[in-house]
Amino acid sequence: MATECKDYSFQKIEAHWQSFWETNQTFRTSDDRSRPKYYVLDMFPYPSGTGLHIGHPEGYTATDIVARYRWARGCNVLHPIGWDAFGLPAEQHAVKTGAHPRLNTEANIKNFRRQLKALGFSYDWSREVNTTDPDYFKWTQWIFRQLFQHGLAYVDERPVWWCSELKTVLANEEVVDGRSEVGHHPVERRNLRQWVLRITAYADRLLAGLKDLDWPDSTKRMQEAWIGRSEGAEVLFQLEDPALGSLRIFTTRPDTLFGCTYMVVAPEHPLVPALTTAVQQEAVEAYRKTASRKSDLERTDLAKEKSGVFSGSCAINPVNGQRVPIWIADYVLMGYGTGAIMAVPGQDQRDWDFAKAYALPIIRTVQPPAGFNGGAFVEDGPAINSANPEISLDGLGVAAAKEKITIWLEGKRLGERKVNFKLRDWLFSRQRYWGEPFPIVWVDEADYERALSCPEVARPKVPVTFRRDGRTFCALALPEGALPLRLPEVTSYQPTGNGESPLAAIPDWIDVWYHPVTGEAAPASGPRPEGPLWIRAKRESNTMPQWAGSCWYYLRYLDPRNPSAISDRKLLDYWGVPDLYVGGAEHAVLHLLYARFWHMFLHDLGVVREPEPFRKLFHQGIILGEDGEKMSKSRGNVANPDSVIGEYGTDALRLYLMFLGPLEAMKPWNPRGIEGVFRFLNKVWREYVGEDGGPHPKISAAATDTPEIERLRHETIRKVGDDIEALRFNTAISQMMIFVNALQKAPAVSRGTALAFLQLLAPFAPHLAEELWARHGEPPSISRAPWPVYDPARLVLEQAKLVFQVNGKVRGDQLVRVGLPQSDAVEFARAHPRLKPYLEGKSVKKIIYVPGRILNLVVD
RNA sequence: GCCCGGAUGGCGGAACGGUAGACGCUCCAGACUUAAAAUUUGGUUUCCGAAAGGAAGUGCGGGUUCGAGUCCCGCUCCGGGCACCA
């Protein structure tokens, strides 16, 4: 079964065992539901043209170790991989070459698959998924269809980030510093019709769910900040001109209402034209124009200085009847709250800055402590200047004052409690070819009603419509039976440039005769097919963003070929959600938030049992180049997995990646460091293989281990197991090195000990471990042998080195038996020659004795 | 500006509040070899010392403690995230 080589020929060994695993389907997951399950998931890669980056095998090796460890612990392990294969680079490549993005994507996947297989990962390759496969995205479309039917998807004409270079719309989070995250192109605001998912409907649950997740705190905090829940009140300010009605504002500090000296509305606020008086007309117009022309880059750059213009109108402060001027300023955003605020310069630094700039009055309504000489006072303190004949907040702390004034406002119907979120609805459409087509057609109102009059055609909870050229169009979801809706072939991948995808340029696909019950379609250029129900329809030309396919892929692995469901009910119940999810921290908000949203929705539908998709999450740290800088082609500091494997083998690469430092840490790649683990593997080989290639003669069933080896065996089993469970692979490896160093010095070692160590090594360096296991006559695969156990009783030392301290300074040590009483320990210390000079003539004030560790004598 | 995380030998990094520097890299010296590589033995925080040993030492300044890399307070620097969210 083993190879024939006499020395550590890692190429031969690794190729041999990889083909063994493949032939024997060693890591094929069974659906034997009698065994405990363990589902360990990697973030599946986007198969880029540049191949695997060294960061991929880092996280993937970690999960592979865990997977192999769980196999050995008798678990039914699910450890799958797949491809997040829709994406912009493939489309850009298609635009450039004219070749179908599928071809490029397939070639890249082939390369990725080859590279991952060369790393010897224990994936169940029969469960591979590919987000671009129609059998896969059928279910992405199915989930979207459900979202649509449940009123969680809608279209909206909204200002979005338009990138003229990419000729597409980008989501807020895809725009970094006023440029596209992909390609770093300039972007601008444009109003376009877009599909939007109502993720804000889940804001509270997305926030609340975080607290029970075993995730890095930093990631939880980032999601928390992103969701951005804040409690406050909406308050109505009557406008001075009663004909104009009232202005609704949101504040988190209703307690400071008495300190409101002016108000601000966003430049885009719908009331601006009405509020603007004739005298101010020109100034307001000019200001609005400047604000609209500002790119976000400028807006953030100019964040320091506040600007604004007086509208000419005033409002009445509901608590004291004061006239307050209404200003227009771009430090208030239309997209948050009501797009209007009451400004309280005494308690808000932004308002303070603005008031100073425009010489507006400032009233403090919270008493700052004596000696406070800053601007706005935002801390807690007693309220002042906050009373009218009906209510007084004076003397109350912030929380109590908020409560009191809110009750008062609600009683007078002047305002109400309100919770606001920073989280916005999710912009879900892209003007691209290479994405999932929306399973949606647009029909006119009359046809919509005709279609819905058929009992087979389900009516969405909330109709989705839009108006164009004076006509209203309504969205109809394709029936489930018509899924998947495939991508049509196109002649050009070039976007139309007017905000529509290349799909809009295929008349026979986009304009159709449509049958709302069956979802069948025929080109509108042809004759209307026979039958009463055929209506004219226009397909949705947008496609879904790349996040769509990655929102639910972990569910498809459970049952990847199922033609009639996301996964079989029984399998969903058995496998549930991943027990461990490992991937980069760059997905802390986007992917992980979107996937949680979809999962919660699927939970509501009854598709999945658990409310959260990823109970335990871990981020592997970034591997930097040798120079300590981020790896990049331009810096020329990129480590290539292929060449490392060629030189040292996969086992050495895997071991080194794990030995580099803590998994979560950012750490530099050191090409010389790999020599160390390579030597270690060679040393293991030499200890296990004799000159004839058979088992090393010093290992025998008859041999007795030295007490040191015996103890170290148990110690190592304990440490390696504990470390794997805690994902501390670097210290697990040093423990194995310690063990092998001891092995090397031992004259003989028992077969049992030797085999147990191989099992510990197997998750880390599986090829070498399998090889040595086989050479010692054990049946493969080593990953099926039950994980060795340690005896805690063997870990207890009979003797321990007791350290003597005088006044906290180490002055000597001595080997003593473990249960030594304190009096004897003190005796030993007094007799110790090195302690004599420090104890002579001194009286011992205090004795601290930690048995087996330390004896500290405090003298004067 | 706000919120996190980090700082330990020449380097990557170890250290339940209990001998700081495990393990590995680098470097030095010895063995083996005609020689080199590989292997192997020993050394490798700094300073004083021939040695025994002593002193200092975990970014900086304080504190708690018999004892602090570890806990607390105040800084510096580096990295990451957010950024007018009312």
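Below, read A as the first sequence line, B as the second, and so on, with proteins coming before strands; counting in each chain starts at 1. This one's a predicted model, so the numbers in the text were calculated from it and none came from an experiment.
- Under the rule for a side-chain hydrogen bond (donor to acceptor under 3.5 Å, both in side chains), Arg834(A) has no partner lying at least two apart in sequence or in another chain.
- Residues passing the side-chain hydrogen bond (donor to acceptor under 3.5 Å, both in side chains) test with Glu231(A), sequence neighbours excluded: Arg229(A).
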Run the side-chain donor-acceptor check on residues 805-817 of chain A: report pairs under 3.5 Å with partners two or more places apart or on a different chain.
unit_1: Asn807(A); atom_1: OD1; unit_2: Val859(A); atom_2: N; d: 2.9
unit_1: Arg811(A); atom_1: NH1; unit_2: Tyr838(A); atom_2: OH; d: 3.0

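- Between Asp348(A) and Asn741(A), the one whose closest nucleotide on RNA chain B sits nearer the 5' end is Asn741(A).
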Can you give one letter per nucleotide of nucleotides 61-71 of chain B, going 5' to 3': B for a protein heavy atom under 4.0 Å from the base, S for sugar-phosphate only, - for none?
-----B-----
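- Listed by first then second residue, pairs satisfying ring-ring contact (aromatic ring centres under 6.0 Å, His included) with a partner in residues 335-355 of chain A read Tyr262(A)-Phe354(A), Trp327(A)-Phe354(A), Tyr331(A)-Phe354(A), Phe354(A)-Tyr358(A), not counting sequence neighbours.
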Which nucleotides of nucleotides 8-14 of chain B have their base under 4.0 Å from a protein heavy atom (B), which only their sugar-phosphate (S), and which neither (-), written as one string 5' to 3'?
----BSS
Give every pair of a protein N or O atom and an N or O atom of nucleotides 2-4 of chain B that lie under 3.5 Å apart, one pair per line with the distance.
unit_1: C4(B); atom_1: O3'; unit_2: Arg221(A); atom_2: NH2; d: 3.3

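- Taking atom C1' on both nucleotides, C16(B) is separated from C77(B) by 31 Å, rounded to a whole Å.
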Show your working on ring pair (Phe, Tyr, Trp, His ring centres under 6.0 Å) between Tyr656(A) and Trp669(A) and close with a plain yes or no.
CA-CA 10 Å; Tyr656(A) 181 57; Trp669(A) 176 260; 5.1 Å; yes
Write down the protein N/O and nucleotide N/O pairs, taken from nucleotides 29-32 of chain B, whose separation is under 3.5 Å; answer none if there are no such pairs.
none

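- Evaluation of the salt bridge (Lys or Arg N to Asp or Glu O under 4.0 Å) test over residues 657-678 of chain A, restricted to residues two or more places apart or in two chains, returns Glu58(A)-Lys667(A).
- Take Phe258(A) and apply the ring pair (Phe, Tyr, Trp, His ring centres under 6.0 Å) test, not counting sequence neighbours, and it matches no residue.
- Under the side-chain hydrogen bond (donor to acceptor under 3.5 Å, both in side chains) criterion, Thr716(A) pairs with Gln735(A), not counting sequence neighbours.
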Would you tabulate the pairs of protein nitrogen or oxygen atoms and nucleotide nitrogen or oxygen atoms of nucleotides 36-40 of chain B closer than 3.5 angstrom?
unit_1: U39(B); atom_1: O3'; unit_2: Arg686(A); atom_2: NH2; d: 3.2
unit_1: U40(B); atom_1: OP1; unit_2: Arg686(A); atom_2: NH2; d: 3.2
unit_1: U40(B); atom_1: OP1; unit_2: Gln744(A); atom_2: NE2; d: 2.4

